[in-house]
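Whatever order the structure lists them in is the order used to number ligands and atoms, beginning at 1. Each residue takes its place number in the sequence, starting with 1.
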Amino acid sequence: MQPKDKKTKAKAKKTKPDKKEMKTPEKGSNGGTIAEEMLKRMKEGGVESIYDRYEAQQPQCGFGLVGLCCRHCNMGPCNVDPFGKGPQKGVCGADANTITARHFTRSVAAGAAAHSDHGRSIAQLLVATARGEAPGYKIKDEEKLMMVAEWFDVKTDGRKVEEIAEEVGEMALAEFGKSYGFQRFTKRAPETRQKLWEKLNITPRAIDREVTESMHRTGMGSDQDYKNLIRQASRTALADGWGGSMVATELQDILFGTPKPIRGKANLGVLKEDEVNILVHGHEPQISEMVALATQDPKLIEAAKAVGAKGINLAGICCTANELLMRHGIPMAGHMKMQEMAIATGSIEAVIVDIQCIMQADVETSKCYHTKLITTCSKARIVGAEHVDITDENALEQAKKIVKTAIDNYPNRDRSRVYIPKDAVKEMVVGFSHETIKYMLGGRFRASYRPLNDNIMNGKIRGVAGVVGCTSPKVLPGHQPYIELVKELIANNILVVETGCAATECGKEGLMIPELQEACGEGLREVCETVGIPPILHAGACVDNSRILIACSEMVEEGGLGNDISELPLAGVCYEWMHEKALCIGQYFVASGVFTVFGINSPVQGAPDVQKWLTEGIEEELGGMWAFEPDIKKVARLVIDHIEKKRDALGINVLAERKLFDMEDRRKLDIKV
Ligand code: NFS
Ligand code: SF4
């Protein structure tokens with residue numbers, strides 16, 4: 001356990017959110033939240049947690065927190081004093097604006113690299129599957145394959161599915177490294193948006209090129225104009241949102257099926273006392289899909305029974321969990337911040353990890369129990385973990401081996417140390433891909449966003465909010481800002497779409513069920529009841545934010561709500577942002593015209609000009625902008641006010657009032673719209 005020093009604790013408090021403001025009442029058996037309960041048990045058992053390590057880091061470096069630390073060359077590291085007393089320039093002369101903007105751009109590039117490299121591996125898998133080189137995988141959604149083929153100008157007439165899939169996979173791979181041209185999926189954006197990107201010269205080219213150029217421009221002695229740097233951050237982020245992430249989402253749908261509404265369960269209570277518990281954690285569904293298949297192997301189920309277990313129970317953590325849940329209803333144990341808590345139930349035989357958001361600390365936590373931590377991806381090995389290399393060619397075979405390892409480990413479980421909080425399990429309905437939303441709104445024969453647009457125009461639904469992204473230890477146990485936020489939004493008739501760990505957080509607290517209509521404002525409730533959707537829609541993993549982009553485009557295309565995404569009454573929120581991927585998502589939403597609010601702290605706070613540019617000036621250029629707001633109540637207010645501002649600009653607030661008058665008035669207004 002980490003030593004705690006009262007002084008540092010006192011200082012640290014300043015950076016943490018205000019308790020009273022954010023407390024929500026989800027209770028564990030000891031009266032606190034489930035997280036508090038698990039953390040207490042971990043502490044008592046001498047098991048270190050993410051919060052202990054966070055506390056040990058206090059006070060965190062003030063320069064780093066506000067973006068004023070540069071170590072891009074060896075004349076540094078250099079700091080700029082945000083209070084104006086110490087140095088205002090690095091050794092090379094770089095000022096606060098340059099340092100923060102460079103740092104921001106590098107973070108965006110790292111985020112784009114992570115999502116997009118994930119997309120690349122899916123494209124490689126599609127090619128291997130089409131060539132028959134990836135046993136265990138198959139093409140599950142031919143309709144989507146044909147749709148993507150059309151975007152990629154791949155001929156489909158008279159060709160075999162495999163031929164088409166191979167070419168689509170090759171074309172997708174070319175999106176990463178082609179020498180000329182732009183991301184093909186950008187053509188799915190509204191025309192007005194495409195023209196704006198063209199004018200600003202930020203239409204993304206090859207994905208790898210944008211990441212490389214960002215790394216180049218942010219090195220010592222290159223780009224030193226913060227607005228110019230942020231433009232490159234936009235182009236790189238767009239290469240992810242309308243490129244790498246969209247490739248990942250669409251090709252995963254082709255290989256594993258496009259999600260449809262399905263019931264599932266979430267929270268630590270999904271773990272079973274009498275079954276072999278296997279956790280899959282990470283982001284690449286090609287690995288967890290094979291593990292899921294392996295757990296259904298009758299021979300392995302028999303083997304589990306032979307060691308005294310009733311069966312094999314698979315559960316997920318992080319985005320891998322979202323992927324499995326929305327395609328198969330496989331339960332979700334928790335989000336990023338809960339990975340150690342899941343291990344600390346003492347009930348996990350194996351944690352199978354692939355890439356991203358996997359804490360090195362999991363090695364130590366696993367050692368406190370009988371749990372085996374197994375890495376599977378050559379891109380992400382961890383010292384102290386067992387490594388079983390999984391490739392497209394050997395995935396199913398290796399997955400079976402790992403499942404067998406977990407089964408063999410079951411007799412080593414120390415029952416006296418098992419604690420699964422039983423009440424901690426909630427039902428949720430997931431799988432709202434944009435195709436599903438469209439279908440549910442419009443019906444089988446005329447899938448369409450028309451009913452959504454109409455209900456936004458008539459004011460029953462005020463607008464839409466995307467609530468996405470990470471969880472962070474900077475939000476203390478017992479505080480659930482996402483929960484507070486989404487409750488406030490639906491009460492104000494705002495439809496919420498969620499992805500990533502934010503979605504997990506709300507799902508595990510029982511907020512993703514149609515019955516939640518009770519908590520909605522009247523208009524939203526009426527629409528949700530009629531259409532049969534929950535007011536908080538689970539749209540998938542973080543790469544699936546690309547689904548939200550497409551939904552936005554389709555809303556514009558449907559008509560009545562302006563000519564561009566920036567005119568729609570919508571906003572994005574990522575309160576507990578943690579990973580660089582979140583910053584990249586934020587920037588591609590802003591560059592797509594969306595007002596985007598991040599919580600906790602601003603990464604560019606140390607440079608007032610950059611902060612002002614991102615939160616004000618950039619709106620003139622892009623139609624979207626950032627806000628950084630630590631108070632969750634104010635976050636909700638910002639979203640609601642923004643949505644009303646957009647409604648006013650569209651003239652639909654007027655329309656809603658005057659509709660009560662007579663037909664004459666309506667006719668006039670209809671023409672206006
Ligand atoms: Ni997104 Fe998913 Fe979670 Fe954040 Fe990590 S799991 S890709 S990065 S922490 S939402
Ligand atoms: Fe310092 Fe400039 Fe080098 Fe950064 S690039 S470390 S500010 S000298």
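- For ligand 2, the atoms lying closer than 4.0 Å to a non-hydrogen atom of Cys78 are 1 (Fe), 6 (S), 7 (S), 8 (S).
- No hydrogens or angles considered: nothing links the side chains of Thr218 and Thr105 as a donor-acceptor pair under 3.5 Å.
- Between Lys144 and Glu250, at least one side-chain nitrogen of the basic residue sits less than 4.0 Å from a carboxylate oxygen of the acidic one, meeting the salt-bridge criterion.
- Taken from OG1 in Thr100 to CH2 in Trp613, the straight-line distance is 14.0 Å, to the nearest 0.5 Å.
- In this comparison of Gln224, His103, Arg71, Arg102, the heavy atom closest to atom 5 (S) of ligand 2 sits on Arg102.
- Using a 4.0 Å cut-off between charged side-chain N and carboxylate O, Arg53 and Glu364 make no salt bridge.
- For the pairing with Asp240, the side-chain hydrogen bond (donor to acceptor under 3.5 Å, both in side chains) check across Gln183, His115, Lys581 returns one residue only, His115.
- Counting only distances under 2.8 Å, and ignoring water, the protein N, O or S atoms around atom 2 (Fe) of ligand 1 are His283 NE2, Cys319 SG.
- Every atom of ligand 1 is numbered from 1 in the order shown, and the set under 4.0 Å from a heavy atom of Gly469 is 10 (S).
- Listed by number with element, the atoms of ligand 1 under 4.0 Å from a non-hydrogen atom of Met578 are 9 (S).
- Each of Lys337, Met336, His335, Lys474 was scored for a side chain to side chain contact (heavy atoms under 4.5 Å, CB included) with Glu576, with one residue passing: Lys337.
- For ligand 2, the atoms sitting less than 4.0 Å from at least one non-hydrogen atom of Gly76 are 6 (S), numbered in the order shown with element in parentheses.
- Within 6.0 Å of atom NE2 in His103, 12 or fewer heavy atoms from other residues, nucleotides or ligands are found, so the atom counts as exposed in its surroundings.
- A salt bridge is absent between Lys612 and Asp609: the closest approach of a Lys/Arg side-chain nitrogen to an acidic carboxylate oxygen does not fall below 4.0 angstrom.
- Among the atoms of His72, none of the N, O or S atoms falls under 2.8 Å from atom 3 (Fe) of ligand 2.
- Remark: ligand 2 atoms within the under-4.0 Å shell around heavy atoms of Gly90 are 7 (S).
- Atoms of ligand 2 found under 4.0 Å from any heavy atom of Cys92 (numbered from 1 in listed order, with element): 2 (Fe), 5 (S), 7 (S), 8 (S).
- Taking the six-membered ring where the residue is Trp, His283 and His118 present perpendicular rings, their angle passing 60° and hence far from 30°.
- Counting atoms of ligand 2 from 1 in the listed order, those under 4.0 Å from a heavy atom of Met75 are 8 (S).
- Taking the side chain as every heavy atom from C-beta outward, Val383 and Val363 never approach each other to under 4.5 Å.
- If you number the atoms of ligand 2 from 1 as listed, the ones under 4.0 Å from a heavy atom of Cys70 come out as 4 (Fe), 5 (S), 6 (S), 7 (S).
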